[in-house]
Novice: 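Sharing a structure below in structure tokens format, with a few things to ask.
On a predicted model such as this, the values are computed, not experimentally measured, just so you know.
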Amino acid sequence: MWKRTKRVHVSFNAPKVFQVARQPVDAVFYCLNTTACGLRQEEAEKRQSVYGKNEVIHEQKKNPLVTFVKAFINPFVGVLTVLIAISFVLDVLTAPHGKQDWTSIIIVSTMIVLSAILRFWQEWKANQSSEALQKLVTNTCYVQRLNDTGEIAIEDLVPGDVVMLAAGDMIPADMRIVEAKDLFVSQSTLTGESDAVEKFCSIQEESKHSRSEIELEDICYMGSNVLSGSAKGVVFATGNDTYIGTIAKNVVRHRATTAFDRGITKVSMLLIRFMLFMVPFVFLVNGVTKGDWMQAFIFAISVAVGLTPEMLPMIVSANLSKGALKMSRKKTIVKDLNAIQNFGAMNVLCTDKTGTLTQDHIVLEQHINADGTEDVNNRILRHAYFNSYFQTGLKNLMDCAILSHVKELQLETLSDNYHKVDEIPFDFVRRRMSVVVEDNKGKRQIITKGAVEEMLSICSYAETDGEVKPLTDSLKQRAMRIVEDMNNKGMRVLALARKTFLDKENNFEVEDECEMVLIGYLAFLDPPKESAAQAIYELHSHGIEIKVLSGDNDAVVRTISRQVGIDSTIMYTGGELREMTDEEKSAAVQKGTLFAKLTPMQKVEIIQILQKQNNTVGFLGDGINDAAALRESDVGISVDSAVDIAKESADIILLEKDLMVLEDGVVEGRKTFGNIIKYVKMTASSNFGNMFSVMVASAFLPFLPMLPIHLLIQNLLYDISQTTIPFDRMDKDYLSKPRVWDSSDLSHFMILIGPISSVFDIATYALMWWMFGCDRVGMASLFQSGWFVEGLLSQTLIVHMIRTRKIPFVQSTASWPVLFMTFAIMVLGICMPFTNLGASIGFTPLPWNYFPWLLAILFCYCLLTQGVKVLYIRKYKRWL
């Protein structure tokens, strides 16, 4: 037992959690130095300065210094460092006094620093952008404080805070439950068990000897979520002191491997296989033919670096961060940058009806009696008001519409003569909720509202023609006709029932919802959005199929879908799906466009079936019943106004619940994906072609075709020319279809496109050898200068040849950043042999009659590449 003279701060560990669970409520409040009404605001602020923000750090925040140091850790920098060390030994340590030469060391060191700064800047920018965007989306909780009660950000919670919970809420911290009503919590994020667990305000007798802290029935842990019911709890641990925080501190999280990750791995392995063959070949040939094994070794390492797409992480990060920033300007917040790839690949979008196809502004259109007559005396409205007003659970849009309608009629005083006795909260199995109220004269009744069919199942009577009569089959059919007529007008209908003369005093349960009297209906209207039809058309034009997955009535779903242009001829209900075999269900999911009256798990099942059919599936939802589907989909999309668990489960958050915003995001995702693929194919084919040329030259030349430093500088300049690829545009026809990573044709692409440059490299060898006399002794420097310029220009031109399936500069032109950077690098490459910098690394100025030949070679190179491109597209039906 805790001594009441000692107050403690309870951070997470099992013994203390058991202490919190097994103490009386008043002892818990005392030991946490709080009250049943919560903390004072001033005290909460003091505690936050002690305990910090209520945040679980899953991954250590990146330190700028560590990130900068890591920018130096890559093969390119490693080889340059080896070259610096060798140059230092040969040109400084062992050189005669007064003839030490620091030129190569300074040049290579400058290359290392510039390369690292470029990598660091792009990665840091991507990281900062991601963090800034995620801060735009916040989760809140309802906190009871002595002088300031209301919604606050979850991160501002402190031990001692008293929190109110309702269906749809995330558990914001580790809490001891002090009040609970039919509280069911999902702990699947902690235990992996999908079944809900009921929580109480004290440990039940049969469970007092629970062996595991996770099984404690009066403790709720951060990261779990409320499925149904309501509760009040006091926070005893926050942030990294919570159960999930303790796990997070000791377990490194790894996200699931995506198709994109697997594609990148395949590219890397392919290049490694080429490297394992080419590098030993180059080393042996140069060692044997030139006799300088040290120089041959350094050259072979440089060839290995030339085959390494060392800028790939930077290009990917820059593309994703740029895409996320651009999407944020269109009110789309990307929580997980890698979701952008799936956004572009999405070919099926499953969406709920409410708020996406409709205006998300529900109004109470009608309240009528059970026999279909007008509710002249507002009796039905009064009962509906009591049900919505007195419930403590999550008030949905229909509850808000009822309360708003009563306010407009100035009837809010209806509740003055009543008080709540108890309630039976809503859940997604029963699809109804009840309150028990009592008037000032002691008359007590249960008032229940919910989905029509579920309500009819608990009603034994109905009020019709002014009398209470047994609910016969004919009256049920009459009720369904009334409801169907309203559904066909696009209205959603709830039924209302009551039961009076109750024997129970309190502790009402689901079993008490029986033998009730059907008294009327509530009809709500949520009109279609004006932009929905255009958005559906645009999504279809981009190759995305829309499927509506709704828990609503089938008639309402069909009516709204028809109004916004979705094919409504093939519809299935949850009940029909339940009766199907796996094969029938798979066929139904494939051809159906509308699915109504679904349970949350049926939404998940439909998504899983679509994924098995090789679709990339997006899901757009905002309710607690959508959380599982959001997690299961390839890209989960929610809105800023969604319940906490939906926002937590989503990859992408829309600040506007509008399908037009989605269409913009899809296009941006495809642009981002396309630009990444450009880099992969450009680098793989260009590097392969360049290294193939090196192999040929090594076999037949009496000297190295290029010095190692030349090869590395050429590689660095080419990589710099590609840093603007994230800012390039994509052709419209590329954006018209979903794009999925498929590296199956990469080896074909490398083998067919790469050697094209080698043809003209060999032509340049011949030109330099016979036309410019490089066959004479001492002319190796001129040969190396000529091939360096031609190789760099042909490599850089490949950016424009590969970036589009069309004719470059004629039918498709790159964006101005790409044009500027590539041509700037080409100019720099041409000028380098004429500079002191070039001379210091062994270049010789090229004769002017070399350049007409260079233009002719490059022109023929572009023509041949375009011709092979056309043949390639005809054969493989693809380019990027």
Novice: Locate the shortest heavy-atom distance separating D634 from D651; write the atom from each residue and the value.
Specialist: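 Taking D634 first and D651 second, the nearest heavy atoms are O-OD2, 4.0 Å.
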Novice: Could you state the interatomic distance from CG (L701) to CE (M768), rounded to the nearest 0.5 Å?
Specialist: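 That separation rounds to 11.5 Å.
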Novice: Minimum heavy-atom separation for Q866 and R805, please, with both atom names.
Specialist: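 In terms of heavy atoms, the two residues are closest at NE2-O, 4.3 Å.
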Novice: Are the side chains of H800 and L819 in contact, using a 4.5 Å heavy-atom criterion?
Specialist: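 Result yes, sub-4.5 Å side-chain heavy-atom pair found.
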Novice: Answer yes if the ring centres of W853 and F760 are under 6.0 angstrom apart, and no otherwise.
Specialist: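 Aromatic pair excluded; centres sit 6.0 Å or further apart.
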Novice: With a sphere of 6.0 Å drawn around CH2 of W816, does it hold more than 12 non-hydrogen atoms of other residues, nucleotides or ligands?
Specialist: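 Open: at most 12 neighbouring heavy atoms sit under 6.0 Å from CH2 of W816.
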Novice: Please state whether the rings of F843 and F788 are parallel, tilted or perpendicular, taking 30° and 60° as the class boundaries.
Specialist: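 F843 and F788: tilted rings.
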Novice: How many angstroms lie between CE in M832 and CG in L837, if you round to the nearest 0.5 Å?
Specialist: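 Between M832 CE and L837 CG, I get 5.0 Å after rounding to 0.5 Å.
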Novice: As an exercise, state the distance from CH2 of W787 to CG of L767, rounded to the nearest 0.5 Å.
Specialist: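 Atom-to-atom, W787:CH2 and L767:CG are 14.5 Å apart.
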Novice: Counting C-beta onward and ignoring hydrogens, is there a side-chain heavy-atom pair between Y850 and E790 closer than 4.5 Å?
Specialist: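 In contact.
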Novice: Could you tell me whether the side chain of Y876 reaches within less than 4.5 Å of the side chain of L752, counting heavy atoms only?
Specialist: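 Yes, close enough: below the 4.5 Å cut-off.
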Novice: Looking at R729 and A814, what are the two nearest heavy atoms and their distance?
Specialist: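 Scanning both residues completely, I find the closest heavy atoms to be NH1-O, 3.0 Å.
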Novice: Got a second to check how far M730's CE is from S815's OG, nearest 0.5 Å?
Specialist: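 M730 atom CE to S815 atom OG measures 11.5 Å (nearest 0.5 Å).
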Novice: Please enumerate all residues that pass ring-ring contact (aromatic ring centres under 6.0 Å, His included) together with W770, with sequence neighbours excluded.
Specialist: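 Scan of W770 (ring-ring contact (aromatic ring centres under 6.0 Å, His included), adjacent residues dropped) gives none.
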Novice: With sequence neighbours left out, write down each residue that passes ring-ring contact (aromatic ring centres under 6.0 Å, His included) with F783, or none if nothing qualifies.
Specialist: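 Counting only residues at least two positions away or on another chain, F783 forms a ring-ring contact (aromatic ring centres under 6.0 Å, His included) with F703, Y765.
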Novice: How would you list, by chain and number, every residue that makes a ring-ring contact (aromatic ring centres under 6.0 Å, His included) with W879, sequence neighbours excluded?
Specialist: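 ring-ring contact (aromatic ring centres under 6.0 Å, His included) check on W879 returns F749, Y872.
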Novice: Indicate the atoms forming the closest heavy-atom contact of I841 with H710, along with that distance.
Specialist: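 Taking I841 first and H710 second, the nearest heavy atoms are O-NE2, 2.7 Å.
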Novice: Is a side-chain N or O of N675 found less than 3.5 angstrom from the main chain of D728, in a donor-acceptor match?
Specialist: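 Answer holds: yes.
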Novice: Can you tell if the side chain of L846 reaches within under 4.5 Å of the side chain of L854, non-hydrogen atoms only?
Specialist: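 No - every pair of side-chain heavy atoms lies 4.5 Å or more apart.
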Novice: Distance alone, cut at 3.5 Å: any donor-acceptor contact between the side chains of Y718 and Q714?
Specialist: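 Note: Y718 and Q714 side chains miss the donor-acceptor criterion.
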Novice: Would you indicate whether F820, at its atom CZ, is surrounded by more than 12 heavy atoms from other residues, nucleotides or ligands within a distance under 6.0 Å?
Specialist: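 No, the 6.0 Å shell around CZ holds no more than 12 heavy atoms from other groups.
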Novice: For C774 and M779, work out which heavy atoms get closest and say how close.
Specialist: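 Looking at all heavy atoms of both residues, the shortest contact is CA-CB, 3.6 Å.
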Novice: Let's go through F834 and T844 carefully: what are the C-alpha distance in whole Å and the side-chain angles of both, what is the deciding distance for side chain to side chain contact (heavy atoms under 4.5 Å, CB included) to 0.1 Å, and is it a yes or a no?
Specialist: CA-CA 7 Å; F834 298 92; T844 297; over 6 Å; no
Novice: Would you indicate whether F700, at its atom CZ, is surrounded by more than 12 heavy atoms from other residues, nucleotides or ligands within a distance under 6.0 Å?
Specialist: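 Not more than 12 within 6.0 Å, no.
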Novice: Which pair of heavy atoms, one from M826 and one from L797, lies closest together, and at what distance?
Specialist: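 Answer, listing the atom of M826 first, then L797: CE-CG, 4.1 Å.
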Novice: Could you tell me the separation between the CD1 atom of I713 and the CE atom of M706, rounded to the nearest 0.5 Å?
Specialist: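 Here the rounded value is 10.5 Å.
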Novice: Return yes if a side-chain donor-acceptor contact under 3.5 Å exists between S693 and S758, otherwise no.
Specialist: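 The criterion, which ignores hydrogens and geometry beyond distance, is satisfied for S758 and S693.
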Novice: Taking R739 for its side chain and Y734 for its backbone only, find out whether a donor-acceptor pair lies under 3.5 Å.
Specialist: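 Yes, because the side chain of R739 sits within donor-acceptor range (under 3.5 Å) of the backbone of Y734.
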Novice: I'd like to know if the side chain of K869 and the backbone of I753 have a donor-acceptor N/O pair within less than 3.5 Å.
Specialist: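 No; zero donor-acceptor contacts below 3.5 Å.
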Novice: Are any non-hydrogen side-chain atoms of S757 and I798 less than 4.5 angstrom apart?
Specialist: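 Side chain of S757 against side chain of I798, heavy atoms only: no contact under 4.5 Å found.
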Novice: Would you compute the distance between atom CD1 of I857 and atom SG of C862 and round it to the nearest 0.5 angstrom?
Specialist: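 One gets 12.0 Å once the value is rounded to the nearest 0.5 Å.
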Novice: Check whether any side-chain heavy atom of I802 sits under 4.5 Å from a side-chain heavy atom of K678, and report yes or no.
Specialist: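 In short, these two side chains do not touch, never coming nearer than 4.5 Å.
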Novice: When you compare the side chain of Q722 with that of M682, does any pair of heavy atoms fall below 4.5 Å?
Specialist: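 The answer is yes; the side chains approach within 4.5 Å.
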Novice: Keeping Q811 on the side-chain end and I807 on the backbone end, is there a donor-acceptor pair under 3.5 Å?
Specialist: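 Yes, Q811 side chain to I807 backbone: donor-acceptor pair under 3.5 Å.
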Novice: Sub-3.5 Å donor-acceptor pair from the side chain of T724 to the main-chain atoms of F727, do we have one?
Specialist: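 Side chain of T724 to backbone of F727: no pair is present.
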